[in-house]
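Please read the structure below before turning to the comments.
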Amino acid sequence: MDIEDLHSWPDSVEEAEALQERLRDRVREEPGPAVVRTVAGLDVAYGSHSDEAVAAAVVVLDAATLRVVESAVAVERPSFPYVPGLFAFRELPALLSALRKLRATPDLLVCDGHGRAHFRRFGLACHLGLLTGLPAVGVGKTFLVGEHVEPGRERGSFTDLVHEGEVVGRTLRTQTGVKPVYVSVGHRVDLDTATRHVLALSPSYRLPETTRQSDRLSRAALRERESDPASAPPPAAAPRGR
DNA sequence: GCGACAG
DNA sequence: ATCTTGTCGC
């Protein structure tokens, strides 16, 4: 496979799926990371109209205190239509723009979507992790693929998510009595570490603080932009590859 | 062939 | 994702 693949951009559903097939084996599932001092949450909000604008937000938290360290936003146009399994192509450019605005590189990325728990084992968390080279985990709010038994009712219990004979993630109960979230490896982490971090990031609510904070920020950025009379049309999406 | 399908 | 009020439960 060519190094060009990393930054090439698909013009069709077929190309996008083929690109995922080529990139999937570059994902590293490994122990750790051992030290995680800062964790970044990433989320995107969509304009009320149609496909006019998307606001991507990154919020970096101190992993120990869960206090906000810094944040950044980027408003662009959606870079791809929404197609189940190709979700990443829609949000990736805006998310990367937001990440580039951070002054310090976070130790771990927590994405709003699946990682390996994906049709082709290459969800948003894998793609984002691979492009940035950073450890990444995926946290999905709803089911995408795999079979699983219901985890115990108490906070912290989990079960494996199995797809085509492979453990691709876990269903994790982050709060007693709430609906589980779906955790999966994005890049350069192992499932146990990913699960541990997601649980630690969720002391009070079903969703991890990283997701809640980035969700808040992305919506605020979008609202502000839509209510601003002087707001020019969203700039074109991020630069594409060859 | 039919159903399912992150945000 | 987004459109949306009240309402059940702790």
Side-chain angles (χ1 to χ4, degrees), chain A residues 13-14 16-17 19-20 23-24 27 41-58 73-96 98 109-130 136-148 153-155 161-164 168-172 174-187 194 198 204-208 210-227 234 237:
Chain A
V13 167
E14 294 67 33
E17 293 178 339
L19 181 57
Q20 291 183 326
L23 296 178
R24 56 182 290 179
V27 169
L42 305 97
D43 195 16
V44 172
Y46 293 81
S48 56
H49 303 299
S50 52
D51 282 348
E52 280 309 298
V54 295
V58 187
V73 299
V75 180
E76 296 178 2
R77 334 186 73 142
S79 42
F80 207 81
Y82 172 69
V83 179
L86 300 181
F87 171 55
F89 295 102
R90 189 167 174 71
E91 302 191 341
L92 223 33
L95 287 172
L96 290 172
L109 265 32
V110 177
C111 311
D112 65 313
H114 300 94
R116 290 195 28 170
H118 173 273
F119 305 128
R120 290 169 289 278
R121 304 284 182 281
F122 198 69
L124 171 66
C126 296
H127 210 146
L128 201 49
L130 195 56
V137 312
V139 179
K141 295 186 282 293
T142 61
F143 171 88
L144 180 59
V145 294
E147 306 84 49
H148 66 89
R153 184 176 179 286
E154 67 286 0
R155 173 175 195 274
L161 234 194
V162 180
H163 182 53
E164 296 173 344
V168 297
R170 280 177 181 159
T171 64
L172 171 67
T174 53
Q175 295 294 322
T176 299
V178 305
K179 192 169 66 154
V181 297
Y182 301 81
V183 179
S184 59
V185 168
H187 188 51
V198 172
S204 316
Y205 300 92
R206 179 172 90 108
L207 298 180
T210 37
T211 302
R212 302 184 70 241
Q213 297 286 350
S214 54
D215 180 83
R216 265 200 354 148
L217 182 56
S218 62
R219 294 192 194 211
L222 191 61
R223 280 192 290 96
E224 180 184 332
R225 220 206 154 295
E226 290 188 330
S227 64

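We name chains A, B, ... by the order of the sequence lines, and we start the count at 1 in each one.
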Roughly how far, to the nearest 0.5 Å, is CG of A/L124 from SG of A/C111?
5.0 Å
Between which residue ranges does DNA chain C form stems of three or more consecutive Watson-Crick or G-U wobble pairs, both distances under 3.5 Å?
none
Set of residues satisfying salt bridge (Lys or Arg N to Asp or Glu O under 4.0 Å) with respect to A/E147, sequence neighbours excluded
none
Counting primed atoms plus P, OP1 and OP2 as sugar-phosphate and everything else as base, spell out the protein contacts along nucleotides 3-10 of chain C at 4.0 Å heavy-atom distance: B, S or - for each nucleotide, 5' to 3'.
--------
Reading nucleotides 1-7 of chain B from 5' to 3' and marking B where a protein heavy atom lies under 4.0 Å of the base, S where only the sugar-phosphate is that close, and - otherwise, the string is ----BBB
Among residues at least two apart in sequence or on other chains, which ones pass ring-ring contact (aromatic ring centres under 6.0 Å, His included) with A/H118?
none
Apply side-chain contact (heavy atoms from CB on, under 4.5 Å) to A/A117 and list each qualifying residue two or more places apart in sequence or on a separate chain.
A/H114, A/L161, A/V168, A/S184
For DNA chain B, report each stem as range with range, ordered by first number, or say none. Use Watson-Crick or G-U wobble pairs under 3.5 Å, at least 3 in a row.
none
Just jot down the salt bridge (Lys or Arg N to Asp or Glu O under 4.0 Å) partners of A/R216, sequence neighbours excluded, or say none.
none
Sorted by chain and residue number, the ring-ring contact (aromatic ring centres under 6.0 Å, His included) partners of A/F80 (sequence neighbours excluded) come out as A/F89
Taking side-chain hydrogen bond (donor to acceptor under 3.5 Å, both in side chains) as the definition, give me every residue that meets it alongside A/Q213, ordered by chain and number, with sequence neighbours left out.
none
Under 3.5 Å donor-acceptor, A/Q20 side chain and A/G85 backbone
yes
Taken in chain and number order and not counting sequence neighbours, the residues that satisfy side-chain contact (heavy atoms from CB on, under 4.5 Å) with A/S214 are A/D43, A/V59
Looking at A/V54, A/L42, A/L109, which one forms a side-chain contact (heavy atoms from CB on, under 4.5 Å) with A/L95?
A/L42
Distance-only donor-acceptor pairs under 3.5 Å for side chains of residues 174-181 of chain A, two or more places apart:
residue	atom	partner	partner atom	Å
A/T174	OG1	A/R206	O	2.6
A/Q175	NE2	A/S202	O	2.8
A/Q175	NE2	A/Y205	O	3.3
A/T176	OG1	A/R155	N	3.0

Apply side chain to side chain contact (heavy atoms under 4.5 Å, CB included) to the pair A/R121 and A/V27, showing each step before the final yes or no.
CA-CA 9 Å; A/R121 304 284 182 281; A/V27 169; over 6 Å; no
